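Below is one structure, written out as structure tokens, with a few remarks after it.
Treat the numbers as computed from the prediction; the structure is a model and nothing was measured. Ligands are counted one by one from 1 in listed order, and the atoms in each one are counted from 1 as well. Only this structure's heavy atoms are used, side chains among them; waters, hydrogens and symmetry mates stay out.
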Amino acid sequence: MGRVLMIGAGGVATVAAFKIVQNTDVFTEFMIASHHVEKCDRLVKSIHDKGYNVDIKTAEVDADDVEQLKALFSSYQPDLVINLALPYQDLTIMDACLACGCNYLDTANYEPKDEAHFEYSWQWAYKDKFEKAGLTAILGCGFDPGVSQAYTAYAAKHHFDEIQYLDIVDCNAGNHHKAFATNFNPEINIREITQKGLYYKDGKWIETEPLEIHKDLTYPNIGARDSYLMHHEELESLVKNYPTIKQARFWMTFGKQYLTYLDCIQNLGMSRIDEVTYEAPLADDPTKTVKVNIVPLQFLKAVLPNPQDLGENYDGETSIGCRIRGIKDGKEHTYYIYNNCKHQDAFAETGMQGVSYTTGVPAMAGAMMFLKGIWKKPGVWNVEDFDPDPFLQVLNEQGLPWHEVFDGDLEL
Ligand SMILES: NC(=O)c1ccc[n+]([C@@H]2O[C@H](COP(=O)([O-])OP(=O)(O)OC[C@H]3O[C@@H](n4cnc5c(N)ncnc54)[C@H](O)[C@@H]3O)[C@@H](O)[C@H]2O)c1
Ligand SMILES: N[C@@H](CCCCN[C@@H](CCC(=O)O)C(=O)O)C(=O)O
């Protein structure tokens, strides 16, 4: 049905690749390209070792370089490019897609490398260009962003005339038995959670200090967990698309140990994203030194556990969902829609932990929606701009079943 080129071979890409090869009726041709082709080849080997006998091409590309991307896209001619590299590469990959007539999907919005700041304006600015080229770009099709918006769209379509209060709640109650580790790319993750908090209330954005507001929330099959108000990118598009929303917030759980380490990392300057000069010994003559510029957070990434290696000893589960209050037929109702994902189930299927799994499966499902022509319209779109029903059905069938609670206590 379609030829797909996936960029990236990390944790999320590994899960998406496993799901793609389980659906070869839709994904008829498949290439994986990344910074280092050996990493792509290792991923293909792990897929073949699990018994999936699928032909997968691999290639090396620096996704920061539009010319390299254009050369690759022109030779492979994919129908869809799935960007599972880092948010820094979103715009270069979108530029190459426009130049070569390819459609586009990602899971995280663009961030400039030198500024830990995320908002959709950079990618929304491509809307006219994609529209004129007759190409579709689907933004933020992971879990959150991604499924969180499909859940909201599903609530709006089936259960509410008016959504008024939206809380996206993201709990990882897993234990990887490491002192400190992040569950996806450490650089991107630490940039995200050390930013100021932001939420929407009565038409205004309200800023908080990082992780300033928190409260216990109860998660299904898990129990109470301290949950911290953070800024998360999908709030930006959701309040635009559902103007009846009076308040929209995002909450993520963090354990005490995690926060203690995070504090130390920040106080030691290891979360800095500016360059510092370091006098490094020369590899072939350690008596001599050379001045090198390093970014502390990038160095920290090099010494932290690789999120792709956490799966084996990971127990517990994630629980991510939307808690919504609004009006249906003149009466106030509450609604909670969520998925729980066990780290060990994700590991058994893909060798990755639950956070990679909950992101990689929706990326595949969104790509499937595009290739089937269900989510295909020229322009640049967020997930809630499309029909949520077929997408949520695919998630049910592909390892991320969802559950609903009607008129329960939202705690919020
Ligand atoms: N929406 C969500 O729910 C959600 C959740 C978690 C992660 N994410 C996003 O998923 C993406 C992947 O996360 P991950 O944990 O797999 O990261 P990762 O670091 O494990 O993998 C990133 C991959 O991109 C490749 N890459 C990096 N720079 C490149 C370049 N210039 N050219 C080519 N390839 C390059 C790396 O080699 C690596 O294979 C990130 O953008 C992250 O923000 C989204
Ligand atoms: N889906 C999330 C994934 C991050 C989970 C963050 N929670 C922390 C909590 C760690 C702890 O408390 O031990 C994590 O790294 O899992 C996203 O959108 O970013």
Side-chain angles (χ1 to χ4, degrees), residues 5-18 31-43 58-69 72 81-93 96 105-111 113 116 118 123 138-151 168 170 172 181-193 232-234 237 250 252 297-298 301-302 304-311 318 320-321 339 341 346 350-366 382-383 395 400:
L5 168 58
M6 181 177 83
I7 303 184
V12 175
T14 298
V15 173
F18 269 94
M31 175 186 270
I32 305 172
S34 193
H35 229 167
H36 305 286
V37 73
E38 310 81 47
K39 202 169 174 192
C40 307
D41 292 332
R42 280 200 298 277
L43 171 53
T58 59
E60 185 156 303
V61 71
D62 177 359
D64 287 319
D65 182 341
V66 182
E67 294 310 314
Q68 281 192 37
L69 289 165
L72 178 66
V81 174
I82 305 179
N83 169 14
L84 298 179
L86 300 178
Y88 311 137
Q89 281 92 41
D90 288 3
L91 300 187
T92 46
I93 298 176
L105 178 145
D106 68 29
T107 65
N109 69 6
Y110 173 70
E111 264 182 68
K113 272 186 188 157
F118 50 94
Q123 289 180 279
I138 302 170
L139 305 185
C141 196
F143 206 106
D144 47 343
V147 179
S148 54
Q149 288 137 286
Y151 282 170
I168 300 170
D170 180 342
N172 178 8
T182 64
N183 287 282
F184 65 94
N185 187 285
E187 189 183 336
I188 305 298
N189 197 184
I190 290 173
R191 283 165 65 115
E192 173 191 343
I193 60 183
H232 228 242
E233 60 208 69
E234 66 266 48
S237 64
F250 182 96
M252 191 180 278
L297 183 55
Q298 287 173 0
K301 172 182 183 284
L304 282 177
N306 181 347
Q308 283 184 252
D309 299 334
L310 297 175
T318 63
I320 316 177
N339 160 266
C341 174
T350 65
M352 297 295 117
Q353 31 77 5
V355 175
S356 302
Y357 192 86
T358 52
T359 312
V361 175
M364 179 284 296
N382 295 90
V383 165
L395 294 184
L400 294 179

Consider ligand 1: state whether an atom of it lies below 4.0 angstrom from any non-hydrogen atom of [X].
| X | answer |
| --- | --- |
| Pro145 | yes |
| Pro87 | yes |
| Gly140 | no |

Main-chain N/O of [Y] paired with [X] side-chain donor or acceptor, under 3.5 Å:
| X | Y | value |
| --- | --- | --- |
| Glu187 | Leu297 | no |
| Glu234 | Gln149 | no |
| Thr359 | Gly142 | no |

Please work out whether any backbone atom (N, CA, C, O) or any side-chain heavy atom from C-beta onward of [X] is under 4.0 Å from ligand 1, and answer side chain, backbone, both or neither.
| X | result |
| --- | --- |
| Asn306 | neither |
| Leu84 | backbone |
| Ala63 | both |
| Gln89 | side chain |
| Ile188 | side chain |

If the cut-off is 4.0 Å to any non-hydrogen atom of [X], which atoms of ligand 1 fall inside it?
| X | answer |
| --- | --- |
| Gly11 | 16 (O), 20 (O) |
| Asp64 | 31 (N) |
| Val61 | 32 (N), 33 (C) |
| Asp62 | 30 (C), 31 (N), 32 (N) |
| Ala108 | 41 (O), 43 (O) |

Distance-minimising heavy-atom pair for Leu310 and Ala181: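 Smallest heavy-atom distance, with atoms named: CD2-CB, 3.9 Å.
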Over all atoms of both residues, closest heavy-atom pair of Val383 and Gly140: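 In terms of heavy atoms, the two residues are closest at CG2-O, 3.7 Å.
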Qualifying residue, where the test is side chain to side chain contact (heavy atoms under 4.5 Å, CB included) with Thr107 and the options are Leu84, Ile138, Asp144: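 Of all the options given, the one that passes is Leu84.
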Ring geometry between His232 and Phe250 (parallel below 30°, tilted from 30 to 60°, perpendicular above 60°):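 It falls in the parallel class, under 30°.
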Is there at least one pair of N or O atoms, one from [X] and one from ligand 1, spaced under 3.5 Å apart?
| X | value |
| --- | --- |
| Asn185 | yes |
| Phe184 | no |
| Leu86 | no |
| Gly10 | yes |

Pair Leu69-Gln89, side-chain contact (heavy atoms from CB on, under 4.5 Å): steps then yes or no: CA-CA 11 Å; Leu69 289 165; Gln89 281 92 41; over 6 Å; no
Side chains of Asp106 and Gln123 in contact at under 4.5 Å (non-hydrogen atoms):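 Sidechains of Gln123 and Asp106: in contact.
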Within-4.5 Å side-chain heavy-atom neighbours: Thr182 and Ile193: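 Not touching, per the 4.5 Å side-chain cut-off.
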Minimum non-hydrogen distance to atom 44 (C) of ligand 1, winning option of Val383, Thr359, Thr14: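 When every heavy atom of Val383, Thr359, Thr14 is considered, Thr359 comes closest to atom 44 (C) of ligand 1.
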Steps toward side-chain contact (heavy atoms from CB on, under 4.5 Å) verdict (Asn339, Tyr151): CA-CA 10 Å; Asn339 160 266; Tyr151 282 170; 3.3 Å; yes
